[in-house]
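Basis for what follows: all heavy atoms, side chains included, without hydrogens, waters or symmetry-related copies.
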Amino acid sequence: MIQTAIPTNIITGFLGSGKTSLIKKLFLVKPKEERWAVLVNEFGDVGIDSALLAQEQPDVHIREVAGGCMCCAAGVPMQVAITQLITKAKPDRLLIEPTGLGHPDAVLTALTQPHFKHVIAMQACITLVDARKVVESRYRTNDTFLQQLAVADIILASKSDEYRHDEFVNLMLFLQEKGLKQSQCLRFSSKVPEQSDIETLSLLAHMDDACHFVSAQPRPLKKQFEPVASNTRAQSQPSLLLSGSIPHYQFPAFDEIDDAKNIVFDQRGIWCKHHFAEAHYSYAWVFAPQYEFDLSLLLQFISAIKAVRVKAVLITDEGIIGINWVEGEMELSEFDEVMDSRIEIIAQEDLNEDELESQLITLLKGS
């Protein structure tokens with residue numbers, strides 16, 4: 001039985017702005033007595049971010065919604081995921097990370113509907129911005145990027161350790177030019193430990209600030225929340241008990257749904273899928289655990305392809321490696337165990353999926 005609405009923060013930002021790195025830093029300063037839950041929305045069709053986030057965090061529960069913006073299909077994927085996550089985790093705080101190519105305005109509209117009134121309490125919306133990018137026209141004119149800034153209660157100038165000139169000033173001038181609020185615009189770096197700890201604690205102190213979106217006039221959704229049929233077993237999902245007339249909620253107990261879709265390997269032990277949305281192409285592969293990649297060749301492959309983002313957790317000849325690559329910047333991490341190897345490539349142009357797959361196969365040891 002949920003007795004009080006759960007404090008909830010949206011953490012948004014464009015592809016590669018550092019959302020996952022921020023959440024990992026927040027885990028380190030989380031009050032020890034609190035349980036947190038994280039709902040991650042992936043643009044691609046396989047779950048990778050949860051693995052990148054999953055370190056030894058006994059009081060953190062992570063759930064994914066993969067395959068595009070989670071507010072689509074009348075919000076059903078998001079409703080189901082939030083219901084399941086709250087039922088399992090019973091968290092003291094909920095963090096929601098929409099895909100960097102999703103629509104934060106639509107996500108917030110969905111979350112502030114009466115259905116969620118007694119379930120979640122929307123608090124400060126946090127938007128990460130790599131201030132080096134605001135001089136680029138593809139950011140300055142991008143509707144999703146502008147939406148992310150418009151809904152923000154706190155703007156974090158991420159990767160600030162990489163700033164060399166007037167990047168932060170340029171960000172402030174851009175916000176002023178667009179008529180956006182600047183009351184909470186903070187610097188953030190995940191790579192300078194002492195600086196990062198101070199900045200993360202400062203952010204944590206502001207996370208209970210009011211969400212200005214909540215005070216705005218509610219806008220009705222195009223469709224009311226209702227179960228819809230899909231190829232992800234939506235028909236078997238029970239109706240959600242989210243009526244605004246009920247003061248407390250007893251969530252139904254049911255098994256979690258595989259948001260990464262049901263992965264069925266072909267005879268080679270490979271699963272793949274691609275899709276196009278929001279002017280970006282996603283190419284995703286899952287390799288059965290018997291495969292092992294040559295890490296050195298893999299890193300060369302990633303650096304050479306025409307992508308805007310590559311994420312992976314792969315079994316390699318040098319251990320299990322997590323890869324987070326965006327526009328030439330690469331971050332590697334190590335893992336103890338995984339069920340399989342996963343990689344997702346996001347590009348702004350249509351790449352040759354068969355050619356990419358052939359290249360990946362040549363990176364396997366013994367191929």
Side-chain angles (χ1 to χ4, degrees), residues 11-26 28-29 49 52-53 97 100-101 104 124-206 280 299-312 321-333 345-348:
I11 298 180
T12 187
F14 214 62
L15 289 175
S17 58
K19 299 184 293 295
T20 300
S21 296
L22 171 63
I23 293 173
K24 289 168 68 173
K25 286 293 182 180
L26 285 169
L28 298 178
V29 299
D49 278 346
L52 295 174
L53 283 171
E97 180 194 339
L101 294 174
C125 179
I126 303 159
T127 295
L128 283 83
V129 181
D130 184 343
R132 295 173 297 174
K133 306 298 184 183
V134 298
V135 296
E136 299 180 21
S137 59
R138 67 190 182 99
Y139 282 83
R140 299 173 72 90
T141 60
N142 185 282
D143 182 63
T144 299
F145 179 69
L146 296 176
Q147 269 192 39
Q148 291 168 349
L149 293 174
V151 302
D153 300 292
I154 301 170
I155 293 175
L156 288 187
S158 61
K159 305 185 180 182
S160 61
D161 57 293
E162 301 289 340
Y163 300 171
R164 295 294 179 265
H165 301 290
D166 299 324
E167 292 90 347
F168 191 77
V169 173
N170 289 336
L171 172 59
M172 300 297 284
L173 291 174
F174 180 68
L175 296 174
Q176 184 177 8
E177 173 190 329
K178 296 297 181 181
L180 302 173
K181 58 191 299 246
Q182 303 177 43
S183 56
Q184 292 293 339
C185 194
L186 311 173
R187 297 174 185 263
F188 176 74
S189 168
S190 63
K191 295 184 178 179
V192 183
E194 298 81 4
Q195 175 185 342
S196 175
D197 293 345
I198 294 171
E199 291 168 342
T200 308
L201 284 168
S202 176
L203 173 63
L204 184 66
H206 287 288
H280 284 73
L299 298 183
Q300 293 177 36
F301 163 76
I302 291 174
S303 298
I305 59 178
K306 295 181 179 179
V308 296
R309 185 74 188 276
V310 179
K311 292 185 293 183
I321 304 296
I323 300 172
N324 197 346
W325 182 95
V326 56
E327 297 183 345
E329 297 179 2
M330 186 178 299
E331 179 181 345
L332 303 181
S333 52
I345 298 168
I346 299 176
Q348 286 186 299

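With rounding to the nearest 0.5 Å, the separation of CD1 in I155 from CG in L128 is 10.5 Å. Annotation: the span from L156 atom CG to L186 atom CG amounts to 5.5 Å, rounded to 0.5 Å. The CD1 atom of I23 sits 4.5 Å away from the CD1 atom of I11 when rounded to the nearest 0.5 Å. A distance of 4.0 Å separates CE of M330 from OG of S303, quoted to the nearest 0.5 Å. Here OH of Y139 is found 12.0 Å from CG of L149. Values are rounded to the nearest 0.5 Å. Of the inter-residue distances, the one linking L15 atom CG with D130 atom CG reads 12.0 Å to the nearest 0.5 angstrom.
Across all non-hydrogen atoms, the minimal contact from I302 to W325 is CG2-CG, 3.7 Å. Of all the heavy atoms in A157 and L171, the pair that sits closest is CB-CD2, 3.9 Å. Considering all non-hydrogen atoms of both residues, C125 and V151 come closest at CB-O, 3.5 Å. The two atoms that bring V326 and V308 nearest to each other are CG2-O, 3.4 Å, heavy atoms only. Contact between L175 and C185 at its shortest, heavy atoms only, is CD1-SG, 4.1 Å.
Between K25 and E199 there is no salt bridge, since no side-chain N of the basic residue sits under 4.0 Å from a carboxylate O of the acidic one.
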Please step through salt bridge (Lys or Arg N to Asp or Glu O under 4.0 Å) for the pair K159 and E329, ending with a clear verdict.
-> CA-CA 11 Å; K159 305 185 180 182; E329 297 179 2; 3.6 Å; yes
Test salt bridge (Lys or Arg N to Asp or Glu O under 4.0 Å) applied to K133 and E167, step by step = CA-CA 8 Å; K133 306 298 184 183; E167 292 90 347; over 6 Å; no
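Residues N170 and H165 are not in side-chain contact: their nearest non-hydrogen atoms beyond the backbone lie 4.5 Å or more apart. Between R140 and E177, the closest side-chain pair of non-hydrogen atoms falls below 4.5 Å. No side-chain heavy atom of Q184 sits under 4.5 Å from any side-chain heavy atom of D153. Inter-residue side-chain proximity for T200 and L28 is flagged as unmet; no heavy-atom pair is nearer than 4.5 Å.
Using modelled atom types, one finds a donor on one side chain and an acceptor on the other under 3.5 Å when comparing R309 with N324.
Note: F168 and Y163 fail the aromatic proximity criterion, with ring centroids not under 6.0 Å apart.
Checking side-chain atoms of S160 against main-chain N and O of F188 turns up a donor-acceptor pair under 3.5 Å. K19 places no side-chain N or O within 3.5 Å of a backbone atom of T12 that could act as its donor or acceptor partner. Side chain of N142 to backbone of F145: a donor-acceptor contact under 3.5 angstrom is found. T127 places a side-chain N or O within 3.5 Å of a backbone atom of Q148 that can act as its donor or acceptor partner.
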